[in-house]
2 protein chains.
Amino acid sequence: MQLHKRDVIDAAAALLDSYGIADLTMRRLARELKVSPGALYWHFPNKQALLGAVADRILQTVDDVPGDWRDRVEAVCARLRDALLSHTDGAELVSATFASGHSQAMARIVEVLADAATQAPVAPSKGELAARTVVYYVLGFTADEQSRLQWDASGAALPDEQAVLTTNPTERFAFGLRLLVDGMAAARAETVAAARNFE
Amino acid sequence: MQLHKRDVIDAAAALLDSYGIADLTMRRLARELKVSPGALYWHFPNKQALLGAVADRILQTVDDVPGDWRDRVEAVCARLRDALLSHTDGAELVSATFASGHSQAMARIVEVLADAATQAPVAPSKGELAARTVVYYVLGFTADEQSRLQWDASGAALPDEQAVLTTNPTERFAFGLRLLVDGMAAARAETVAAARNFE
DNA sequence: ACCTGAACACCGTTCAAGT
DNA sequence: ACCTGAACACCGTTCAAGT
């Protein structure tokens, strides 16, 4: 029976969760679906587009919330991190598709964060940049966290000096995010000061 | 005549600059050096280690400077960005090796930034985290900037809506970094407030 | 419209055997 | 000690031909 786009994405997500991103190959996926590798290229132009679709599915649950701008930024980032941690190599996959511009969902998340930033005292023209800065942080932190998580889930012992990097990850995540939120809060003073300089 | 580690790294860096990270393969590198692919594995245990050595060479010039903590953070980040932009796909390569923990130079840069952070009003225990947050930003921003740079150097036209993301990159870079530096400056107030809560 | 089969042009890594 | 040659077990992508 016919192969649908949804089946392909389902199977790809299952492969990711079970074996990780290194085993999420077009050939492996085709084998799993019992089709020839070429069949996938009827439904997706290339591997990047397929990975983008998987990323978008992972990010489905990441939504905006009502509240002030701090609540919105913190909630979206917490949901983004949770979504990434819920899938093997989730952070790595989403980072790659974000970098290649193939994730629609990430574009939407940047928009939400940019909107929240302009509710903060960030100038509208800087909203997207502030949003991207937050996203770079969440992706970087979570990729790091997840690789350590998966490393010691695999039974390998971490050197003692790295132990501090694995305890209280949620608290550590909040600390770095607060740095950015505080920076955004400080932006008003600078905007006002800059405006004065031009008077 | 004999193949030395240095020759391999030199040739790898040349390959990177001329053709990009996708063409920096063990086989291609061996061909360039007129040796068999297996020869490289006498000098490096695997590809990751080789890429780590190339990353470390790219980051040679990134050094600490004297000054107050803001100057140090800003100088190190500016130098890091410059170093990445000086090599094709430099940001992507260094991001990958940093994530895999194979870059000694990145470890050193994190140490320098962590030290600067503890000169800022960041608690010593949070210094490394603040440093990593800064690094996530620099790598994310620069990878983004470089991919756009290389994309339109290749002659492709960018959609109008993306134009705002390519103008004044240095100024835009400084804006995001200021967000983090301001956040670090705000950390003292929080540390003091938190201490009060425990009295 | 949707898929197969087969090919094209590659990969990273290992390892017995050579010098 | 250092390297070759050849193999192993794969990749992503294309495309004529089939149904």
Side-chain angles (χ1 to χ4, degrees), chain A residues 1-16 18-55 88-89 92-93 95-97 99-103 147 151 154 156, chain B residues 1-16 18-55 88-89 92-93 95-97 99-103 147 151 154 156:
Chain A
M1 103 237 178
Q2 254 232 58
L3 189 64
H4 285 101
K5 228 162 156 144
R6 284 218 39 177
D7 309 328
V8 179
I9 299 169
D10 286 352
L15 219 41
L16 183 72
S18 306
Y19 307 101
I21 202 170
D23 284 284
L24 179 39
T25 70
M26 298 301 268
R27 281 169 178 276
R28 177 85 187 261
L29 182 54
R31 214 189 312 144
E32 218 78 24
L33 289 162
K34 295 177 207 301
V35 295
S36 98
L40 300 175
Y41 289 86
W42 181 261
H43 299 279
F44 297 91
N46 50 47
K47 189 180 180 181
Q48 281 200 337
L50 180 90
L51 293 182
V54 177
T88 311
D89 297 331
E92 209 182 317
L93 174 81
S95 290
T97 61
S100 75
H102 275 84
S103 172
S147 86
W151 178 263
S154 79
Chain B
M1 104 235 176
Q2 255 230 60
L3 189 63
H4 285 101
K5 229 164 155 143
R6 284 219 40 180
D7 308 328
V8 179
I9 300 169
D10 285 353
L15 220 40
L16 182 73
S18 307
Y19 306 102
I21 200 169
D23 284 285
L24 180 39
T25 70
M26 297 302 267
R27 281 169 178 276
R28 177 84 189 262
L29 182 54
R31 215 188 311 144
E32 218 77 25
L33 289 162
K34 295 177 205 303
V35 295
S36 98
L40 300 175
Y41 289 85
W42 181 261
H43 300 278
F44 297 91
N46 51 45
K47 188 180 180 180
Q48 280 200 340
L50 180 96
L51 293 182
V54 176
T88 311
D89 297 330
E92 208 182 318
L93 174 81
S95 290
T97 61
S100 76
H102 275 84
S103 171
S147 86
W151 177 266
S154 78

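Per chain, numbering begins at 1; letters A, B, ... match sequence-line order. Below, each value reflects all heavy atoms present in this structure, side chains not excepted, and no hydrogens, waters or symmetry copies.
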Chemist: Expressed as a whole number of angstroms, how long is the span from M26(B):CE to dA6(D):P?
Modeler: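 Those two atoms, CE and P, are 20 Å apart.
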Chemist: Taking the side chain as every heavy atom from C-beta outward, state whether M26(A) and P37(A) have any pair of such atoms under 4.5 Å apart.
Modeler: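 With C-beta onward as the side chain, the pair stays apart.
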Chemist: What is the distance from NZ of K34(B) to P of dT4(D), rounded to the nearest Å?
Modeler: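 Taking atom P of dT4(D) as the reference, NZ of K34(B) is at 13 Å.
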Chemist: Mind checking the CG-OH spacing from L50(B) to Y41(B)? Nearest 0.5 Å is all I need.
Modeler: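 Nearest 0.5 Å value for the CG-OH distance: 9.0 Å.
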Chemist: Taking atom C1' of dC2(D) as reference, at what distance in whole Å does atom CG of D7(B) sit?
Modeler: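 About 14 Å, once rounded to whole Å.
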Chemist: May I ask you to test the F44(A)-I9(A) pair for a side-chain heavy-atom distance under 4.5 Å?
Modeler: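 Contact flag for F44(A)/I9(A) side chains = yes.
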Chemist: Over how many whole Å does the gap from W42(A) atom CH2 to dC3(C) atom P extend?
Modeler: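 Rounded to whole Å, this separation is 9 Å.
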Chemist: Assign each of D23(A) and Q2(B) to its nearest nucleotide of DNA chain D by heavy atoms, then name whichever residue's nucleotide is nearer the 5' end.
Modeler: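 Nearest-nucleotide comparison on DNA chain D picks Q2(B).
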Chemist: Students often get this wrong, so: under 4.0 angstrom with heavy atoms, is S36(B) touching a base, only sugar-phosphate, or nothing?
Modeler: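 Touches a base.
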Chemist: Taking dC8(D) as the reference, what is the distance to dA9(C) when you measure between their P atoms (whole Å, please)?
Modeler: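 Nearest-Å result for dA9(C) against dC8(D) at atom P: 22 Å.
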Chemist: Suppose we define a pair by two distances each less than 3.5 Å, Watson-Crick or G-U wobble; what does dA16(D) pair with here?
Modeler: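 With both distances under 3.5 Å, dA16(D) matches dT4(C).
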Chemist: Taking a pair as Watson-Crick or G-U wobble with both distances under 3.5 Å, which nucleotide is matched to dC11(C)?
Modeler: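 dC11(C) is unpaired by these criteria.
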Chemist: Roughly how many Å is it from OH in Y41(A) to P in dC8(C), rounded to a whole number?
Modeler: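 It works out to 18 Å between those atoms.
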Chemist: Please state whether the phosphate of dC3(C), meaning OP1 or OP2, lies under 4.0 angstrom from any side-chain nitrogen or oxygen of H43(A).
Modeler: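 Answer is yes, contact under 4.0 Å.
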Chemist: In whole angstroms, how far is the P atom of dC2(C) from the CZ atom of F44(A)?
Modeler: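 Distance, rounded to whole Å: 13 Å.
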Chemist: Round to the nearest Å and state the distance from K47(A) atom NZ to dC11(C) atom P.
Modeler: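 Computing the K47(A):NZ to dC11(C):P distance gives 16 Å.
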Chemist: Please name the pair of heavy atoms, one in G20(A) and one in T88(A), separated by the smallest distance, quoted to 0.1 Å.
Modeler: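 Here G20(A) and T88(A) meet closest at CA-CG2, 3.8 Å.
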Chemist: If you only use heavy atoms from C-beta on, which nucleotide in dC11(D), dC11(C), dT4(C) is closest to the side chain of V35(A)?
Modeler: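 Looking only at side-chain atoms, V35(A) lies closest to dT4(C).
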Chemist: How long is the line joining CG of L33(A) and P of dC2(C), in whole Å?
Modeler: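 L33(A) atom CG is separated from dC2(C) atom P by 16 Å.
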Chemist: Compare the minimum distances between each of dC11(C), dC3(C), dT13(D) and the side chain of L3(A), then state the nucleotide with the smallest one.
Modeler: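 Per side-chain heavy atoms of L3(A), the pick is dC3(C).
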Chemist: Can you tell me which residue among D23(A), I21(A), L24(A), T25(A) is in a side-chain contact (heavy atoms from CB on, under 4.5 Å) with L15(A)?
Modeler: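 Going through D23(A), I21(A), L24(A), T25(A) one by one, the side-chain contact (heavy atoms from CB on, under 4.5 Å) with L15(A) is satisfied by L24(A) alone.
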Chemist: Does T25(A) or R27(B) map to a spot on DNA chain D nearer the 5' end, using the closest nucleotide for each?
Modeler: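 Taking each residue's closest nucleotide, the earlier one in sequence belongs to R27(B).
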Chemist: Among dC11(C), dT13(D), dC3(C), which nucleotide sits nearest the side chain of R28(B)?
Modeler: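 So the nucleotide nearest the side chain must be dC11(C).
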